[in-house]
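Take a look at the structure below.
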Amino acid sequence: MNENTLESVQQCLNQFDVTEEQLQQIQAGILGDMERALGRQAGSSPSVQMLPTYVRSTPRGTEQGDFLVLELGASGATLRVLWVTLTGISGPRKEPVSQEFTIPTEITLGTGQQLFDFAAGCLVQFLDQLQVGSQPIQLGFNFSFPCHQTGLNQSTLISWTKGFRCSGVEGQDVVQLLREAIQRQGAYNIEVVAVVNDTVGAMMSCDPSPQACEVGLVVDTGTNACYMEEVRHVAELKEDRGRICVNVQWGSFGDGGALEPVQTPFDLQLDQESLHPGTQSPSHGRARAQAMLQELGLTPSAQDCAQVQRVCGAVSSRAARLCAAALTAVLARVRSNPERSPLGVSVATGGRLYKQHPRFSALLQQTVRLLAPDADVTFVPSEDGGGRGVAVVTAVASRLALQRRQLEETLAPFRLHSQQLKAVQAQMRESMVRGLRGESSSIRMLPTYVCAMPDGTERGDFLALDLGGTNFRVLWVKVGSRSEEGIKIINRVFSLPESVTQGTGQQLFDHIVDCIVDFQKENNLSGQTLPLSFTFSFPCKQLGLDQGILLNWTKGFKASDCEGQDVVSLLRAAIRRRQGVELNVVAIVNDTVGTMMSCGYEDPHCEVGLIVGTGTNACYMEELGNVCAVPGDRGRMCINMEWGAFGDDGLALQEFYTPFDLSVDQASINPGKQRYEKLISGMYLGEIVRQVLLHLTHLRVLFGGQEFPSLQTKDIIKTKFLSEIESDLERWQVRAILEKLDLQADCEDALLVREVCQAVSRRAAQLCGAGVAAVVEKIRENRGLDRLSVTVGVDGTLYKLHPHFSEQVKDAVRELAPQCCVRFLLSEDGSGKGAALVSAVACRLAGAAGP
Ligand code: BG6
Ligand code: GLC
């Protein structure tokens, strides 16, 4: 071969060189097309297709069972059938049994029915040999052509590629065609559970440890990739949470001309001779064309061979480099996903060209490192040609279906319908009436001796205590003219250790007085005897404004020797014990009443107080004539309902108590008591959620069945957790919250935990709404009105911090009390302000303004 010839060969080969700059342009082009295709932007026609595959998670490694896999289109005109046994994490790995069938050309170019009948026939032949019997068989269908999937087992062929051209299949659901063909054979009970592309099979075949594999790459007769994308970026799905595997279908990139700068006259000629001129990049087809020339029996000289090798080398190098450019575009998308593995990205690789070519994979990897130097990429060969991955998808699909059923069954009792809520409202109403009449009722309907709302003329300085919510507070409340100074508050939160809340009554009240004395010193109030209002958020039988007998502790308090005692006397005794301290206890007020008064200062229509925090309760203005315990029938009095105990008589709520609620009740310090409160308030919701999570873990629906010790810990899930987890967070943020509780959750777990929280808190809000509806309807009927406009003053961490609770309460009230227009007003400064106002109103009415 003379020098001229060598030079012209070289010149010819130079055309196959692709510069780094060109690769970067191709990468940017593909990335841009990927983003446009994901966004389904109007007017754009990107040349990659970005098809959702409905595979929503990567394998856990726990998948188990026997699966039948049918591969069509993964490697030329062959069809493969596999029997894959997945053995989970601990079981020994089992090799799949497989058989290949050659598809005759008359079938690849025949009718769709012929093709699918042929496939079903191969399945039967294979299963006959395996002798699997009549058991139900789950099949995963690897169908590696561009398809538009609408579900995990629904997929419409867009167009044939790779030499196939069977009539009547394009535009049809290939799963349905396969199903029908299987039925025509009638031999086996086969359910087609999932249909996947070969890239998905490759991605799903890889071991999830040490890091999940989130990209699948196949270079064979055709080339393509898939990867895990955030579902909110896939416009066609209109979903906002979770991830989904997207089939890039990049083979047609360049159909619009983007590859022209790197296309040679030889590529153009090959493209013209292919079955689909102008579609699917022919880049690596060149290697195949060269091999075929040799198979044609040409007898080249050694030099010819060397030249042929050079030509092959140039062609395959270019193919590897182009593939790398496309892959880095995919990696750029994966790396923008905040949920990706912190360890880096694993790419599963498959296809004969990738695996068998001596230099293809090395060159591709090298180019990826050149184009994306800071991407920490690991290449993992797929197993069993992706067959195992298809089995994994099939296993995941059937696991998800089973899990969904189990989750739905578990949560069904939490989902209340209108009729049930109406029944709760009616029973609450009945219990209210019985309580007011002094008849036996689980709702005590306690008179509070608060008969008037503030009118704005109250003045003076007051001390207030706020005991019974999340915080214990001492406050200095300065009530000035409403139009000028308004109300000013100085307060301090003191800790109340469990040794105090559950020690002796003397310890508790001594501690309270110590805190008051500290507060007075800090604020130069020592020596002044300001009127003191005591918000004491427990059920008290009041005989006057400054006398309240504690009926029983609630919400985790259990100080001894207090129940049955007058709380004001206990406080006064502690003041005496401390010596040298003068305090003038004027009023004892429930937190609901404090809240109503506090909101009443802002809005004169506020005639209901509602607390949904550690505990739950409500108060409202009742006609005195209806209150049997207090003489007189003119005017109104605020009634502390103590509705938390609703149902304690066993006459209501029985049907709502799930086994989870019963466990929470049994493990509480007051079993059988406060049954309504235990379905609603913050102190218990976290525990209910924990019980449900334990059950779902036990069923292996959650955490892969791992029973984390932290989940065994009582009260580990606080109200704050529910509020956080149900707010608009990404799944990785939900996982981070779970991790703080030492619960190692994957993305699916995170969504399931959120669903549990939603079901539990929604039931709570609806039950609470039924209670509010009963109260406002009673007020309306008391007054003989067709329509009532009323304001409910509300406080409590659950109501205030939870992202959806308040809306759900309002929805329920709207539905259950349609004749009432109810405004919910948040109490801004806690109930201490309202307690001070109770004293201020009392002072005003007694004609003696506060000092
Ligand atoms: C506070 C009130 O804001 O809310 C307390 O000042 C009340 O009186 C409390 O008990 C209720 O909410 P939580 O969530 O602290 O129990
Ligand atoms: C508990 C108390 C009640 C209080 C409510 C809200 O139910 O018994 O008095 O109002 O919690 O704090």
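Hydrogens, waters and symmetry mates are skipped; everything else that's a heavy atom, side chains included, is used. These numbers were taken from a predicted model, which means no experiment stands behind them. Counting convention: from 1, in listed order, for ligands and their atoms alike.
The backbone of T616, and not its side chain, has at least one atom closer than 4.0 Å to an atom of ligand 2 (non-hydrogen atoms only; backbone = N, CA, C, O).
Distances from ligand 2 to the non-hydrogen atoms of S537 include at least one value under 4.0 Å. Ligand 2 lies nowhere less than 4.0 angstrom from a heavy atom belonging to G468.
For the pair K555 and ligand 2, the shortest N or O to N or O distance falls below 3.5 Å. Where the criterion is an N or O separation shorter than 3.5 Å, residue side chain and backbone included, E677 meets it with respect to ligand 2.
Between R444 and E642 no salt bridge is recorded (no basic side-chain N to carboxylate O distance below 4.0 Å). With respect to D665 and K673, no salt bridge is recorded, no charged nitrogen being found less than 4.0 Å from a carboxylate O. For K678 and D661, the salt-bridge test fails: no basic side-chain N is under 4.0 Å from an acidic carboxylate O. The pair E485-R459 fails the salt-bridge criterion, with no side-chain N (NZ, NE, NH1 or NH2) lying under 4.0 Å from an Asp/Glu carboxylate O. Salt-bridge check for R636 with E607: passed, with a basic side-chain N closer than 4.0 Å to an acidic carboxylate O. For D510 and R578, the salt-bridge test fails: no basic side-chain N is under 4.0 Å from an acidic carboxylate O.
With contacts defined as side-chain heavy-atom distances shorter than 4.5 Å, the pair L571/L532 qualifies. Residues L679 and R675 fail the side-chain proximity criterion, which asks for heavy atoms closer than 4.5 Å. Here the side chains of Y620 and M432 are in contact, with some heavy-atom distance below 4.5 Å.
Close contacts of ligand 2 with Q674, meaning ligand atoms under 4.0 Å from a residue heavy atom, involve 7 (O). Counting the atoms of ligand 2 from 1 in the order shown, those under 4.0 Å from a heavy atom of I611 are 6 (C), 12 (O). Using a 4.0 Å cut-off to heavy atoms of P539, the atoms of ligand 2 that qualify are 8 (O), 9 (O). Atoms of ligand 2 lying under 4.0 Å from any heavy atom of T554, numbered from 1 in the order shown and given with element: 1 (C), 2 (C), 8 (O). Counting the atoms of ligand 2 from 1 in the order shown, those under 4.0 Å from a heavy atom of N617 are 3 (C), 4 (C), 5 (C), 9 (O), 10 (O).
Within 6.0 Å of atom NZ in K810, more than 12 heavy atoms from other residues, nucleotides or ligands are found, so the atom counts as buried in its surroundings.
The single protein non-hydrogen atom nearest to atom 9 (O) of ligand 2 is E642 OE2, 2.5 Å, given as residue, atom name and distance. Protein heavy atom nearest atom 10 (O) of ligand 2, with residue, atom name and distance: D591 OD1, 2.6 Å.
The immediate protein surroundings of ligand 1, defined as residues with any heavy atom under 4.0 Å of it, consist of D466, G469, T470, R473, T535, S537, D591, I611, G613, T614, D795, G796, T797, G830, S831.
Remark: the T501 side chain and the K558 side chain contain no N/O donor-acceptor pair separated by less than 3.5 Å.
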Problem set entry | S533 vs S839, side chain to side chain donor-acceptor pair (under 3.5 Å): CA-CA, chis, key distance, verdict | CA-CA 6 Å; S533 301; S839 298; 2.3 Å; yes
